[in-house]
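Note on naming: letters A, B, ... go to the chains in the order of the sequence lines (proteins, then strands), and numbering restarts at 1 for each one. Computed from a predicted model, the values in this text were never measured in an experiment.
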Amino acid sequence: MCGRFSLATDEFSVKVYLANRFNINRNAASLDLPRYNIAPGQMVLSLINDGRAFRHGYLKWGYVPDYDAKSQNPQRIINLRSETILEKSYLAASVAKRRCVILADGFYEWRKTSTGKIPFRIRSTDQELFPMAGLWNSHTDSRGNKEHTVAILTVAANGIVKDIHERMPVILNDTDAKLWLEAQPPSLVELKQLLLPYPDELTTMYEVSDIVNSYANESPACIVPAN
DNA sequence: CCAGACGTTGTT
DNA sequence: GTCTGG
DNA sequence: CCAGACGTTGTT
DNA sequence: GTCTGG
């Protein structure tokens, strides 16, 4: 699955990416980059389509479903199985109207061994920055604060990631990302067909230090190859 | 009609 | 062991 | 995802 | 919010 990732890129590169690939040029706001260790509960850089144009902004990682929006400690869903998003009634409105992508340049998975867990970083050889498919939602919590929350969609691990883990985030290419974000998609069934394991031949993976285990370690050491 | 359920992963 | 928080 | 916390009463 | 079940 995907419970930790990186966007270890400087702000300028991300702004160039947003301009070139998504025609986003209103870029005054600071993007708080680079990030080496992004964890659930934190704000993640996301793209949506507002019906006229692509927009970027921050969403809080941990999707709060409508049915739980008013509880004191709502369920916060960090991943959703892409295979079943069309079957879950509580997701219907998000699937229809609140699809998004989350920007990353790598994600972490842990291999379980008899002696413990070993972290790995997985990247694309094709896209320095890549969009991960997500669904977002809005709610007003019990104190009246508005929150925009997001879950990352998952899919079966590809041939590379399979060595260490059974699931991986849905990574899209730029073309499919735009389709996924399309405000008036041809059909939701067609959109769901975009949610596939990333191609093996475009995937690279390497072991990293267990420094990454603690989200408090927001440091370049997280992405340095182990040994 | 209303009431009740509604996640994921990994591990067992 | 299990939940919470980042 | 992992790390960290994990209680109660009564007093301030 | 939306579907299922009774």
In whole Å, I'd like the distance from the CH2 atom of A:W61 to the C1' atom of B:dG7. 14 Å

Using a cut-off of less than 4.0 Å, is there contact between a side-chain N or O of A:R167 and OP1 or OP2 of B:dT9? yes

Figure out the CD1/P separation between A:I152 and B:dT9, and round it to whole Å. 12 Å

For chain A and DNA chain C, what are the first and last nucleotides along the strand, 5' to 3', with at least one atom under 4.0 angstrom from a heavy atom of the protein chain? C:dG5 to C:dG6

Using atom NZ of A:K112 as one end and atom C1' of B:dT8 as the other, report the distance to the nearest whole Å. 13 Å

Name the closest nucleotide to the A:Y90 side chain, picking from D:dC2, B:dT9, B:dC6. B:dC6

When the distance from CE of A:M168 to P of B:dT8 is rounded to whole Å, what number comes out? 17 Å

Pairwise C1' distance for B:dT9 and D:dC1, with rounding to whole Å: 10 Å

Below 4.0 angstrom, N of the basic side chain to O of the carboxylate: do A:R121 and A:D105 qualify? yes

Which of A:D126, A:T125, A:N158 passes side-chain hydrogen bond (donor to acceptor under 3.5 Å, both in side chains) with A:T203? It is A:N158

Distance (rounded to the nearest 0.5 Å) between A:R4 CZ and A:S214 OG: 7.5 Å

A:P40 near the nucleic acid: base, sugar-phosphate alone, or nothing, with a heavy-atom cut-off under 4.0 Å? base

Taking any heavy-atom pair under 4.0 Å as a contact, classify A:N73: base, sugar-phosphate, or nothing. sugar-phosphate

Write down the partner of B:dC6 under the Watson-Crick or G-U wobble criteria, each distance required to be under 3.5 Å. E:dG1

Between B:dG7 and C:dC3, how far apart are the C1' atoms? Round to whole Å, please. 15 Å

Return no unless some side-chain N or O of A:R76 is found under 4.0 Å from OP1 or OP2 of B:dT8. no

Measure the distance from CG on A:N213 to C1' on D:dG4 and round it to the nearest whole Å. 14 Å

Does a donor on one side chain sit under 3.5 Å from an acceptor on the other, for A:Y90 and A:N137? no

Do side-chain atoms of A:W61 reach the backbone of A:I78 as a donor and acceptor pair under 3.5 angstrom? yes

Assess whether atom CZ of A:F12 is packed by more than 12 heavy atoms of other residues, nucleotides or ligands within 6.0 Å. no

Once you round it to whole Å, what is the distance between P of B:dT9 and CD1 of A:I78? 9 Å

Roughly how many Å is it from CD in A:E83 to C1' in B:dG7, rounded to a whole number? 13 Å

For A:Y63 and A:S94, what are the C-alpha separation, side-chain angles and deciding distance, and is it a side-chain hydrogen bond (donor to acceptor under 3.5 Å, both in side chains)? CA-CA 10 Å; A:Y63 180 104; A:S94 284; 2.6 Å; yes

Please determine whether the number of non-hydrogen atoms from other residues, nucleotides or ligands lying under 6.0 Å from atom CZ of A:R55 exceeds 12. no

If we take the P atom in both D:dA3 and B:dT11, what is their distance in whole Å? 15 Å

P atom, B:dC2 versus D:dG10: distance in rounded Å? 46 Å

Give me the distance, rounded to whole Å, that separates B:dT8 from D:dA5 when you measure between the P atoms they each carry. 30 Å

Return the value, rounded to whole Å, for the distance between atom CH2 of A:W136 and atom P of B:dG7. 21 Å

